[in-house]
There are 2 protein chains.
Amino acid sequence: MSRSNPRVLSTLERAGGFASAQEVYKLMQREGEKIGLTTVYRSLQSLLSDRIVDVLRRDDGEAIYRLCGSTHHHHLVCKGCGDTVEIEGGAIEKWARTMAEEFGYRDVGHTAEIFGLCPKC
Amino acid sequence: MSRSNPRVLSTLERAGGFASAQEVYKLMQREGEKIGLTTVYRSLQSLLSDRIVDVLRRDDGEAIYRLCGSTHHHHLVCKGCGDTVEIEGGAIEKWARTMAEEFGYRDVGHTAEIFGLCPKC
DNA sequence: CGCAAAATTGATAATGATTATCATTATCAG
DNA sequence: CTGATAATGATAATCATTATCAATTTTGCG
């Protein structure tokens, strides 16, 4: 059997929003934690199957994880300088729920990002 | 510059639903087409940026492509069987525009997907 | 305690998709 | 034809993820 290493969960919490396995690993390294990459992957898998975290995919295919149930936000990202604003997504939540219901889907999550040019760019 | 090889598009059409680059390549090989894997990838990228196909991710992260209608839409994707429904996203368009305006962003686009378990899964 | 079985860990190698290189080939205007 | 430009594809490089397996830690029990 294999259980999740609690330090992985705690790091993911501290990371705020989404983080990939690689990012969690690097973050832990930077903070002086001694842990192997393998264990990070294993722990995230385990947290996933326990429904403690959710997984999404970045555009490049890298898997990113976040705590389930914690309120989440979306991002407004500048294509020019990469600056990011966290924004509220109430309308999206509702849209996702409505659409899922309409087609009989259960256990739904969603992704949504907006990108454009910020005032400075 | 680089344009899309028409045989790639035609193969993707013939494949029916979604197909990954690797699958399109293998399919073309099996049918005796002489084409390189690189060209398949390039063509799919090109079709993607021309909005002729759209891309999703399988659970394992592999990119899958499919012809898409010209109208802008979003997807409701089943995590179990991969089944996909195209849905209307008027609410999202509005949300994106509102948020962008609030923070002074211009030239905005967005991504949004919903995923869950379909009635059959 | 002492000790063996089971679980956990992590370095390393393997896998597999995707992307970068770069030399070759096809196309096309003048 | 001829040179320029674009397209192609074999090959190597990259990068996340997964498999291996030996070493270490934990656990249960006499």
Side-chain angles (χ1 to χ4, degrees), chain A residues 1-12 15 17-66 79 82 109 111 113, chain B residues 1-12 15 17-68 77 79 82 84 111 113 115:
Chain A
M1 301 281 114
S2 161
R3 267 205 298 289
S4 151
N5 183 317
R7 291 176 296 152
V8 170
L9 178 54
S10 131
T11 303
L12 189 57
F18 289 103
S20 69
Q22 300 281 347
E23 285 166 355
V24 168
Y25 175 66
K26 283 186 204 120
L27 195 51
M28 294 180 79
Q29 296 254 297
R30 246 180 267 126
E31 294 177 354
E33 300 256 26
K34 275 213 283 287
I35 196 167
L37 181 58
T38 311
T39 302
V40 173
Y41 272 101
R42 253 193 303 244
S43 293
L44 289 171
Q45 282 303 336
S46 168
L47 289 168
L48 187 62
S49 66
D50 291 347
R51 310 280 174 128
I52 295 174
V53 304
D54 250 354
V55 64
L56 293 180
R57 295 272 167 189
R58 284 219 183 96
D59 275 357
D60 67 354
E62 190 173 0
I64 51 182
Y65 302 84
R66 83 170 169 195
K79 288 187 284 197
T111 63
E113 309 286 349
Chain B
M1 300 289 109
S2 163
R3 268 205 297 289
S4 150
N5 184 315
R7 290 177 296 151
V8 170
L9 179 54
S10 128
T11 302
L12 189 57
F18 286 102
S20 70
Q22 301 282 347
E23 285 166 355
V24 169
Y25 175 65
K26 282 187 205 119
L27 195 51
M28 293 179 82
Q29 297 254 297
R30 244 179 270 127
E31 293 177 355
E33 300 257 25
K34 271 211 287 286
I35 196 166
L37 181 57
T38 310
T39 301
V40 173
Y41 273 101
R42 255 193 303 246
S43 293
L44 289 171
Q45 281 304 335
S46 169
L47 290 168
L48 186 62
S49 66
D50 292 346
R51 311 282 172 120
I52 295 172
V53 304
D54 55 19
V55 64
L56 291 179
R57 295 272 168 188
R58 272 211 258 270
D59 274 356
D60 66 353
E62 189 174 2
I64 50 180
Y65 303 84
R66 170 186 80 158
L67 293 180
C68 68
V77 186
K79 289 188 282 197
T84 301
T111 63
E113 309 287 347
F115 41 90

Heavy-atom closest contact (B:M28 atom, B:I35 atom, distance): CE-CD1, 3.7 Å

Length of the line joining A:Y25:OH and C:dT12:C1', which is rounded to integer Å: 12 Å

Under 4.0 angstrom between A:Y41 side-chain N/O and D:dT17 OP1 or OP2: yes

Rounded interatomic separation in angstrom, taking CZ from A:R42 and P from C:dT9: 7 Å

Nucleotide nearest A:N5 when distance is taken to its side chain, options D:dT17, C:dT9, C:dG10: C:dT9

Any A:T39 side-chain N or O less than 4.0 Å from OP1/OP2 of C:dG10: yes

Sugar-phosphate only, base, or nothing, as touched by A:E62 at under 4.0 Å among non-hydrogen atoms: sugar-phosphate

Heavy-atom donor-acceptor pair, B:T38 side-chain to D:dA10 base, under 3.5 Å: yes

Distance in Å, A:E33 CD paired with A:N5 CG, rounded so as to fall on 0.5 Å steps: 8.0 Å

Distance in angstrom units between B:Q22 CD and C:dT18 C1', rounded: 8 Å

Separation of atom CD1 in A:I64 from atom P in D:dC15, rounded to whole Å: 19 Å

B:R57 side-chain proximity, nearest of D:dT18, C:dT18, C:dT9: C:dT18

B:Y41 and B:Q22: side chain donor to acceptor below 3.5 Å: yes

d(NZ, A:K26; P, D:dC15) in whole Å: 10 Å

A:L12 versus A:V24, closest heavy-atom pair with distance: CD1-CG2, 4.1 Å

Among C:dT18, D:dT17, C:dG10, the one nearest B:A63 by side-chain distance: C:dT18

Sugar-phosphate only, base, or nothing, as touched by A:Q45 at under 4.0 Å among non-hydrogen atoms: sugar-phosphate

Distance, rounded to the nearest Å, where A:D59 contributes CG and C:dT18 contributes C1': 14 Å

Value in whole Å for how far the P atom of D:dT24 lies from CD1 of A:I35: 18 Å

Separation of atom CG in A:L37 from atom P in D:dC15, rounded to whole Å: 14 Å

